[in-house]
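What follows is a set of notes on a single structure, which appears directly below.
So you know, we letter chains A, B, ... as the sequences are listed, proteins then strands, and number each from 1. FYI, side chains are in, hydrogens and waters are out, and symmetry mates aren't considered; it's all heavy atoms of this structure. In this text, all values refer to a predicted model and were calculated from it rather than measured experimentally.
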There are 2 protein chains.
Amino acid sequence: MAGSTSSEHGRLIRKMETIAVLTEPEKAALAGLPMRLKDFAEDTDLVREGDTPQECCLILEGFICRYKLLGQGQRQIFSFHLPGDIADLQCLQLSVMDHSVGALVPGRCAYIPHTALRELTDRFPAIAAAFWRDILIDAAIFREWLAGVGRRTAHQRIAHLICEVCTRLKSLKLIDDHVFDLPVTQAELGDALGLSTVHVNRVLQDLRRAGLITSKGRRLVIEDWPKLQEAGDFDPAYLHLRAPEGR
Amino acid sequence: MAGSTSSEHGRLIRKMETIAVLTEPEKAALAGLPMRLKDFAEDTDLVREGDTPQECCLILEGFICRYKLLGQGQRQIFSFHLPGDIADLQCLQLSVMDHSVGALVPGRCAYIPHTALRELTDRFPAIAAAFWRDILIDAAIFREWLAGVGRRTAHQRIAHLICEVCTRLKSLKLIDDHVFDLPVTQAELGDALGLSTVHVNRVLQDLRRAGLITSKGRRLVIEDWPKLQEAGDFDPAYLHLRAPEGR
DNA sequence: CGTGTTATTGACCAACATCAAACTTAGTGG
DNA sequence: CCACTAAGTTTGATGTTGGTCAATAACACG
């Protein structure tokens with residue numbers, strides 16, 4: 001815990017700052033958190049339904065999702081997570097996982113012992129509050145997805161998701177324009193949005209044809225943000241971002 | 001804070017006990033919470049999207065839901081709440097509401113000032129933890145609904161919801177068999193499950209014809225729990241109930 | 001260059017939506 | 001106790017979104 005902060009801890013601190021204002025001692029405490037680093041391959045489960053983990057999993061690099069397999073072998077993806085997110089913060093309070101956390105691309109994460117996190121939240125109520133906020137924002141995103149899958153058309157859902165990911169990347173300062181990687185297959189998009197792969201493909205083509213987006217490989221460019229936002233009925237209020245996060 | 005506990009506070013304590021073990025001092029503190037009682041009529045909003053409440057709303061009597069209106073005038077219901085639930089616990093941390101809380105039938109609630117709740121959570125970490133747990137369970141229910149709307153058929157979704165409500169009522173000891181009131185119109189069921197009213201109606205008829213349920217008015221009887229549970233792909237694990245809650 | 005994964009296409013189909021009307025039920029007031 | 005009314009439920013006919021299946025084309029990688 002010298003003066004310098006590792007890039008791993010920096011990721012976490014930057015993320016925390018998108019949801020709360022941190023004092024120097026709080027940042028220092030975060031920077032002192034013990035971390036067990038781990039590289040992971042594509043399609044690895046970082047945590048699995050039924051597990052009772054003793055550590056939380058901070059994403060450092062990559063793109064991961066939370067999901068559950070249903071009775072008939074179908075999959076529902078609940079959320080995507082970006083570097084800086086702690087994907088299983090919930091297991092601090094709910095010991096047994098009711099869903100899994102899986103990597104969509106190779107990446108790197110840091111396991112942080114529950115004991116260290118508990119000590120941190122005991123010493124710094126502001127950090128506890130920030131975690132609490134984070135979990136609530138998580139839930140707000142579930143609600144928004146629920147609204148999408150329940151009541152929005154396939155076109156709206158896909159446009160909405162693209163807007164959401166872009167907005168979150170910007171708030172984390174991982175990008176500053178409307179160009180980013182969406183390292184997700186169309187099948188995975190379907191599992192997140194409650195659509196078939198084929199339909200995802202067709203809708204994406206529509207959005208491209210309409211000039212709202214372009215994409216080569218996983219690189220995605222939002223060509224017309226206002227129209228995409230409108231097409232997706234997207235209002236970022238539910239993300240509860242601290243800073244105004246621009247269009 | 002005499003020895004006796006009002007029935008209002010009792011409701012809250014009973015609910016809290018479904019998610020955590022409480023000591024006597026903790027129960028006493030809950031019993032001492034200031035409450036502003038209010039009766040409400042059907043179709044009233046108790047809290048509205050965009051509000052920044054200074055009180056939380058504890059349900060004492062009735063059946064309420066959280067919902068959001070979407071761009072095209074459609075409605076998505078996110079959750080149903082039973083007596084004992086604090087429907088907008090989240091506004092303790094996220095000041096502005098991103099959705100509304102509405103009454104489906106006349107009932108009664110108690111508004112509890114945020115200040116009192118904050119003082120409580122400061123003094124009793126176990127209560128803070130219980131609130132935290134409650135919010136996480138809330139999120140788990142959103143995920144389960146998301147999985148339903150995304151990947152389950154209309155028949156599964158409806159069966160699943162009936163199982164869920166019954167299970168939660170039992171955990172709150174508001175019923176002890178498989179008979180209960182579901183004071184919700186078919187239109188409202190549709191808004192919760194992402195279905196049209198007409199389709200809800202037809203599926204309910206199917207479930208009745210198959211002998212899984214019967215209903216007269218809002219009174220619903222689960223005639224064949226094992227089959228209904230199977231039809232709904234229902235596994236109560238996601239509710240994270242403390243006590244084993246019956247078959 | 002193969003080889004496996006992902007994207008794209010086409011033909012066809014099913015689940016569920018929409019629209020509109022009729023029927024029930026539960027209140028309400030006389 | 002009986003009309004009257006409004007809300008909710010049920011039914012039928014018809015339409016559409018999006019699913020399924022199966023084949024082909026594009027890539028990415030060793």
Next item on the list: Let me have a per-nucleotide readout for nucleotides 3-15 of chain C, 5' to 3', with B, S or -, counting only protein heavy atoms under 4.0 Å.
Entry: ---SSBBBB----
Margin query: A:H81 vs A:Y67, test: ring-ring contact (aromatic ring centres under 6.0 Å, His included). Steps then yes/no.
Written below: CA-CA 12 Å; A:H81 290 278; A:Y67 71 92; over 10 Å; no
Note to self: Closest-nucleotide mapping onto DNA chain D: is A:G217 or A:S196 further toward the 5' terminus? I mean the 5' end.
What the structure shows: A:S196
Next item on the list: Using the ring-ring contact (aromatic ring centres under 6.0 Å, His included) rule, take B:Y238 and B:H160 through it: C-alpha gap first, then chi angles, then the decisive distance, then the call.
Entry: CA-CA 12 Å; B:Y238 71 97; B:H160 194 281; 5.7 Å; yes
Item checked: From A:N201, A:I158, A:V149, A:V203, residue fulfilling side-chain contact (heavy atoms from CB on, under 4.5 Å) relative to A:L195 -> A:I158
Next item on the list: Inspect the contact between A:R152 and A:E144 and indicate whether a charged nitrogen and a carboxylate oxygen are less than 4.0 angstrom apart.
Entry: yes
Check: Does a side-chain N-to-carboxylate-O contact under 4.0 Å join A:R208 and A:E223?
Finding: no
Next item on the list: Among residues two or more places apart or on two chains, list those pairs meeting salt bridge (Lys or Arg N to Asp or Glu O under 4.0 Å) that have a residue in residues 175-184 of chain B.
Entry: B:D181-B:R219
Check: Is there any salt bridge (Lys or Arg N to Asp or Glu O under 4.0 Å) pair reaching into residues 71-82 of chain A, and which pairs are they, with sequence neighbours excluded?
Finding: A:R75-A:D191
Notebook entry, point to check: When we call it a touch if two heavy atoms are under 4.0 Å apart, what does A:G194 touch: a base, just sugar-phosphate, or nothing?
Noted result: sugar-phosphate
Notebook entry, point to check: Angle class for the A:H178/A:W225 ring planes (parallel below 30°, perpendicular above 60°, tilted otherwise)?
Noted result: parallel
Checklist line | Residues that A:D235 engages under salt bridge (Lys or Arg N to Asp or Glu O under 4.0 Å), provided they are two or more places apart | finding: none
Margin query: If I take atom SG from residue B:C166 and atom CD1 from residue B:I213, how far apart are they, to the nearest 0.5 angstrom?
Written below: 11.5 Å
Check: Going by number, which of residues 64-81 of chain B have a non-hydrogen atom under 4.0 Å from DNA chain D?
Finding: none
Next item on the list: Would you grab the first and last nucleotide of DNA chain D (5' to 3') that comes under 4.0 Å of any non-hydrogen atom in chain A?
Entry: D:dG18 to D:dC21
